Number of protein chains: 2
Amino acid sequence: MTFQLDQFLPYRLSVAATQVSRRFAARYAAEAGLTIPEWRVLAHLGQSGAVSVRDVTARVALDKSIVSRAASRLEKAGYVRKSSHGKDQRLVALELTEAGRELMARLGKIAETFQAELLAELGEDGPAFRRALLQLSKATAP
Amino acid sequence: MTFQLDQFLPYRLSVAATQVSRRFAARYAAEAGLTIPEWRVLAHLGQSGAVSVRDVTARVALDKSIVSRAASRLEKAGYVRKSSHGKDQRLVALELTEAGRELMARLGKIAETFQAELLAELGEDGPAFRRALLQLSKATAP
DNA sequence: ACCCTATCGTTGCTGATGCAACGAAGTCAA
DNA sequence: TTGACTTCGTTGCATCAGCAACGATAGGGT
């Protein structure tokens with residue numbers, strides 16, 4: 001029997017992820033022209049207060065260079081403020097501005113709605129799907 | 001309650017996909033230094049005989065420019081042969097060379113093994129996970 | 001106090017991505 | 001047959017991801 005690409009889990013996973021990202025991006029594009037890294041940084045700051053680039057990097061699964069650039073764009077757009085961390089001068093403290101909090105409040109609603117739609121589509125497979133994603137997200141030892 | 005990025009399905013899905021792709025890439029890197037598009041094109045040709053770029057594009061969920069470039073690289077590497085489709089001169093017939101079939105045979109085994117590992121990790125959530133991925137891969141009407 | 005090493009964040013650079021435009025080839029109707 | 005329109009595959013171009021290198025700062029041992 002030959003190998004079937006369309007039965008292959010990594011492939012199916014990648015296609016699904018791309019598809020879902022596209023659908024979601026179409027939703028929030030109307031509110032703000034954010035890239036995915038920008039959206040993730042914004043969302044993380046919304047739930048975490050003032051944190052460093054390193055913290056964000058660890059949490060949102062993006063390279064630090066990407067987080068750095070996303071933060072700079074968000075700062076220029078007025079959604080994020082960079083200040084220096086008093087204690088350790090190497091660190092930068094990132095936090096949302098008032099405009100950033102407002103934007104995040106709107107995007108948060110959109111995100112919740114979208115997630116509800118997805119879960120409705122999944123029906124009873126939803127919980128198992130969630131568990132599976134968590135399991136697969138674990139990195140193997142380097 | 002504030003929005004929690006790490007509970008958000010599109011985010012979890014994206015992280016899981018990236019993670020799994022990395023793990024799989026690490027496996028086949030030892031056999032051949034393929035990019036993901038190259039791997040997909042190779043895999044599709046392995047199961048489909050001679051087909052056009054358009055066919056591959058539709059099947060592997062990649063832009064036609066990406067398929068075109070991947071096919072060119074695979075041709076240069078000696079895994080793929082491009083010939084002209086007698087009937088319609090616009091079409092290109094892509095097919096694996098002998099070297100391509102050999103490589104695919106080896107990669108197919110690696111892929112099967114890897115998939116078995118993933119399914120073992122998922123345990124009884126595997127089938128639901130599969131169904132969910134298929135459901136989410138469906139595009140919404142444009 | 002000093003040096004040696006580690007960490008933080010930014011920037012450069014290479015290659016990949018995705019969109020649009022293009023030439024070539026085919027189709028269909030008048 | 002001609003001409004308008006469509007489709008196929010390639011290529012150009014702008015952007016983005018990811019890795020490495022860098023300056024700046026911190027910390028730890030002697």
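Owing to the predicted nature of the structure, the values given are computational and were not obtained by experimental measurement. Here is how names work: the chains are called A, B, and so on, in the same order as the sequence lines, proteins then strands, and each is numbered from 1.
Toward the 5′ end of DNA chain C lies the nearest nucleotide of B/Glu38, the other residue of the pair A/Arg22 and B/Glu38 mapping further downstream.
Within residues 63-76 of chain B, the residues that have a heavy atom under 4.0 Å from DNA chain D are, in order of number, B/Lys64, B/Ser65, B/Ser68, B/Arg69.
Counting to the nearest Å, the C1' atom of D/dG23 and the CD atom of A/Gln89 are 15 Å from each other. Distance B/Leu91 CG to D/dT10 C1': 14 Å, rounded to the nearest Å. The CG atom of A/Leu62 sits 14 Å away from the P atom of D/dC16 (whole-angstrom rounding). The distance from atom CG of A/Asp55 to atom C1' of C/dG9 is 13 Å, rounded to the nearest whole Å. For A/Lys87 and D/dA26, the NZ to C1' distance is 13 Å, given to the nearest whole Å.
Between the side chain of B/Glu95 and the main chain of B/Val80, no donor-acceptor pair closer than 3.5 Å is present. Looking at A/Ser52, its side chain never comes within 3.5 Å of a backbone N or O of A/Ala93 through a donor-acceptor pair. With hydrogens and angles ignored, the 3.5 Å screen pairs a side-chain donor or acceptor of A/Thr113 with a backbone N or O of A/Lys109.
The line from OH of B/Tyr79 to CD of B/Glu38 is 10.0 Å long, rounded to the nearest 0.5 Å.
With contacts defined as side-chain heavy-atom distances shorter than 4.5 Å, the pair A/Thr57/A/Asp63 does not qualify.
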Grab the N/O contacts between the protein and nucleotides 2-7 of chain D below 3.5 Å, and write none if there aren't any.
{"residue": "D/dT7", "atom": "O2", "partner": "B/Arg90", "partner atom": "NH1", "Å": "3.0"}

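For an aromatic pair to be called close, the ring centres must be under 6.0 Å apart, and B/Phe3 with A/Trp39 satisfies this.
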Apply ring-ring contact (aromatic ring centres under 6.0 Å, His included) to residues A/Phe8 and B/Phe24 and explain how you reach the verdict.
CA-CA 11 Å; A/Phe8 189 48; B/Phe24 181 52; 5.0 Å; yes
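A/Arg40 and B/Ser14 are linked by a side-chain donor-acceptor pair at a separation below 3.5 angstrom, with hydrogens and angles left out of the test.
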